[in-house]
Visitor: 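Attaching a single structure in structure tokens format; questions to follow.
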2 protein chains.
Amino acid sequence: MSDLRPRSFVSAQMVAEKAGVSRSAVSRTFTDGASVSEPTRRKVLAAASALGYHVNHLARVLRERSSIVCLVVADMTTPIRATMVDVLTRKLQAAGKITMVINTETDTESVSSALRQTLNYRADATVVLSGTPPAALIETCLANGQRVVLINRDDQLVGSHNLGVDNAMASVEALYLLRRAGCQRLGVITSTAGTASLVQRERAFVAAAEAAGLQVTVTSTGPTSYASGFESARRVFGRSQAPDGVFCVTDLLALGFMDAARHEFGRRIPDDLCIIGFDDIEQASWESYKLTTFAQPLTAMATHVVDLLLDPDTAGSERRLFEPVPVWRKSVRPNAS
Amino acid sequence: MSDLRPRSFVSAQMVAEKAGVSRSAVSRTFTDGASVSEPTRRKVLAAASALGYHVNHLARVLRERSSIVCLVVADMTTPIRATMVDVLTRKLQAAGKITMVINTETDTESVSSALRQTLNYRADATVVLSGTPPAALIETCLANGQRVVLINRDDQLVGSHNLGVDNAMASVEALYLLRRAGCQRLGVITSTAGTASLVQRERAFVAAAEAAGLQVTVTSTGPTSYASGFESARRVFGRSQAPDGVFCVTDLLALGFMDAARHEFGRRIPDDLCIIGFDDIEQASWESYKLTTFAQPLTAMATHVVDLLLDPDTAGSERRLFEPVPVWRKSVRPNAS
DNA sequence: TTGAACATTGCACTTGTGTGCACTGGTTTT
DNA sequence: AAAACCAGTGCACACAAGTGCAATGTTCAA
């Protein structure tokens, strides 16, 4: 235990001096497949562990790829986002990547500065979970040899990899479930965020309903949150013609809506009111809610992301759609009452 | 738009050639306070934006500090953890740091390998939110000039910065609230995780109760989750002497417990049963729960973390305790009925 | 015994930065 | 007019790694 704290990190040079070998020998000891004799190898390892040496991966980056992946994300406290980040970091780590999380707002300016950070740190790839980066900046990332993966953003940006969930499919299924339950007055609950996925879900539901000759009232309130769902219910049930079946474009909205409907307006679920959500966050399965919803196949999506990053040929610009899987619980009647 | 994609990133050298100046001029253009004339500065900036140049922060690290902070965390999907990560990344970014998230398990081996990653990437500092790293490894980090900050870990490890919440204070306050509500049979609900914070909350509550001459039954089930709280309720209400006032060491446990008590055993809250939680996750405020609980002052804690990292003198080894703030809602009767 | 094959090892170069130092050319001071 | 100063610029080095190439040493077979 030497008492003098080195100001900076231990370098391979110091290890070499302590072990009485050249710096190359140290380098080779920590490189797989390099040619080192057993005695020197042992000397180096002994010196390294005595000094507390660790290879500087950042210096390595000057010659090779960095194996850094940037995750651009907003609203991380949201359960669905937290789960996405969790699954992605897990998978990326398992693939030998290290994750830099950039916590941003959804506005273009914030996302842009996040993308620039990405370039500053020579990330191999950028995964965008929130917000929409400007095309020009994505172009710059690609020109610098970076991979760009957009998740649940609808933008068909050239060169970037796109993946998302088949929102329309879920909307159609939701409509089917509500009709089978005998719901007469349908509603869609969404936020004013205007995110592509949410708009798709809303539009597809309305379109499918109109195709079946049914009217739908759309209610949009504030950000995509529990509170907004709650507020939407207040608006909806204040009106004369209250719905008896709603599709909430997000579980958080659904849970807020359900709570207000129950506790402020005395609706029984599913008897008086059927509710369907989207995302299958953990809370949707809680005893107080038992929400029927659609799960995003997050593990499959994360696996696909690392496949994209590991794949050597840079064939971007294709959009991969994943099927949401329906999760039947108790917030929708099984059939017409 | 040149069609030939450069294999690697644009370097300062290329910008210098295009602008017809020396590489030093490029470097100085992007360094605050360096001496460059306005004409060359403009030429450099023009060339840089034409080529899509971004300063390589990784190469910069070879000379100075990296301004990388590693966040070691497990169970990121848990609302309280997600919020912690969110608040910390925000604050760190605002302070000009970049965050690497290492998603780990809580066992010592996983945490150790996470710490080694930290060293490999020359992080300025490591913030540990989960698990307990071995003292030897922390010693190595410190010896390499890294800051180590442990949050809500009880270990008094030499040289590392410690911060946490005053668990005992909350426990005493919880006992007071339950007694004032007239609860006769008290219980503590915890998990089998054995995390220091949770053990402290349990012990302090039991000690305070015994000091007041009251008996407490402790129930421990599985991991620290909603499901475990639910399961605990089943056990507790299966026995003859069911409690009428419980302190759950975590909001998740509390919400699970509450749901089971209500829906499986018909308890009315707070009339038949008073419940107090800890953490003040968002769900605790939802209409179905209205849980009385204690909030961790996360913003203050995060601010303190960045203060520690920015502070030049490395005075570690002091433990800073933050006061949990009580959040009164509706899961405890205001006074004896 | 000798030559060849082979395993180690060190030198020197590469990667992209920031910066100390020396040099230049122009402006101000004495 | 000479001296002092000063802004601007480029050279060269340092940082921490990996690796091609050549030199060294060892072993083995002819």
Visitor: What is the distance, rounded to the nearest whole Å, between atom OH of B:Y121 and atom P of D:dA16?
Guide: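 So the two atoms are 18 Å apart, to the nearest Å.
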Visitor: With a 4.0 Å cut-off, would you call A:E109 and A:R116 a salt bridge?
Guide: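 Result for this pair is yes, salt bridge flagged.
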Visitor: Tell me what A:V55 touches on the nucleic acid: a base, only sugar-phosphate, or nothing, going by heavy atoms under 4.0 Å.
Guide: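 Result for A:V55 = sugar-phosphate.
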Visitor: Provide, to the nearest angstrom, the distance between the CG atom belonging to A:L51 and the C1' atom belonging to D:dA16.
Guide: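 Rounded to whole Å, this separation is 15 Å.
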Visitor: By nearest heavy atom, map B:L62 and B:S37 onto DNA chain D; which one lands nearer the 5' end?
Guide: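 Result of the comparison: B:S37.
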Visitor: Starting the side chain at C-beta, find the nucleotide from C:dA7, C:dT19, D:dG10 nearest to A:S35.
Guide: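 Output: C:dA7.
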Visitor: I want to verify a distance call: between C:dG18, C:dT17, D:dG18, whose nearest atom is closest to the A:T31 side chain?
Guide: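 Of the options given, the side chain of A:T31 lies nearest D:dG18.
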Visitor: Between B:T40 and B:S37, do the side chains contain a donor N or O and an acceptor N or O under 3.5 Å apart?
Guide: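 Present: a donor and an acceptor within the cut-off.
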Visitor: What does B:Y53 touch in the nucleic acid at a heavy-atom separation under 4.0 angstrom: a base, only the sugar-phosphate, or nothing?
Guide: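 Contact class for B:Y53: sugar-phosphate only.
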Visitor: Considering only NZ, NE, NH1 and NH2 on the basic side and carboxylate oxygens on the acidic side, decide whether B:D124 and B:K97 come within less than 4.0 Å.
Guide: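 Judged by the 4.0 Å cut-off on N to carboxylate O distance, B:D124 and B:K97 do form a salt bridge.
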Visitor: Are B:R320 and B:F322 in a cation-pi setup, meaning NZ or CZ lies under 6.0 angstrom from the ring centre and within 45 degrees of the ring axis?
Guide: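 Positive - B:R320 is close enough to the ring of B:F322 and near enough to its axis.
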Visitor: Where the side chain of A:R28 is concerned, which of D:dA16, D:dG20, C:dT17 is the nearest nucleotide?
Guide: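 Nearest nucleotide to the side chain: D:dG20.
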Visitor: From C-beta outward on B:A59, which listed nucleotide comes closest to its side chain: C:dG10, C:dG16, D:dT9?
Guide: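 Nearest nucleotide to the side chain: C:dG16.
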Visitor: Closest to the B:S27 side chain: D:dT9, C:dT19, D:dG18?
Guide: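 So the nucleotide nearest the side chain must be C:dT19.
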Visitor: I'd like to know if B:S24 reaches the base of D:dC11 with its side chain, counting only an N/O donor and acceptor under 3.5 Å.
Guide: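 Counting by modelled atom types and ignoring angles, a donor-acceptor contact under 3.5 Å is found here.
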Visitor: Hey, does B:R122 reach any base, or is it just sugar-phosphate, or nothing, if we go heavy atoms under 4.0 Å?
Guide: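 Here B:R122 touches the backbone only, sparing every base.
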Visitor: For the side chain of A:N56, starting at C-beta, report the closest nucleotide among D:dA17, C:dT19, C:dT17.
Guide: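 Among D:dA17, C:dT19, C:dT17, the one nearest the side chain of A:N56 is D:dA17.
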Visitor: Whole angstrom is fine here: how far is it from CZ in B:F30 over to C1' in C:dG16?
Guide: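 Result: 13 Å.
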Visitor: Are the ring centres of B:F9 and B:Y53 closer than 6.0 Å?
Guide: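 Aromatic pair excluded; centres sit 6.0 Å or further apart.
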Visitor: Write down the distance between CD (B:Q13) and P (D:dC11), rounded to a whole number of angstrom.
Guide: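 Rounded to the whole Å, the gap is 10 Å.
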Visitor: Send over the distance from B:R60 CZ to C:dG18 P, rounded to a whole Å.
Guide: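 It works out to 5 Å between those atoms.
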Visitor: Quick one: A:N120 CG to C:dG18 P, roughly how many Å, whole number?
Guide: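 After rounding, the reported distance stands at 10 Å.
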Visitor: What's the CZ-P distance between B:R41 and D:dA7, to the nearest Å?
Guide: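 Checked: the CZ to P distance equals 16 Å.
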Visitor: Rounding to an integer number of Å, can you tell me how far A:R23 CZ sits from D:dA14 C1'?
Guide: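 In whole Å, D:dA14 C1' and A:R23 CZ are 13 Å from each other.
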Visitor: What's B:V36 touching, base or sugar-phosphate or nothing? Going by heavy atoms closer than 4.0 Å.
Guide: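 Contact class for B:V36: sugar-phosphate only.
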Visitor: Counting side-chain heavy atoms from C-beta on, which of D:dT19, C:dG10, C:dT8 comes nearest to A:A25?
Guide: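 Nearest to the side-chain atoms of A:A25, counting from C-beta on, is C:dG10.
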Visitor: State plainly whether the residues A:E105 and B:R90 are in salt-bridge range, i.e. N to O under 4.0 Å.
Guide: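 Here A:E105 pairs with B:R90 in a salt bridge, since their nearest N and O are under 4.0 Å apart.
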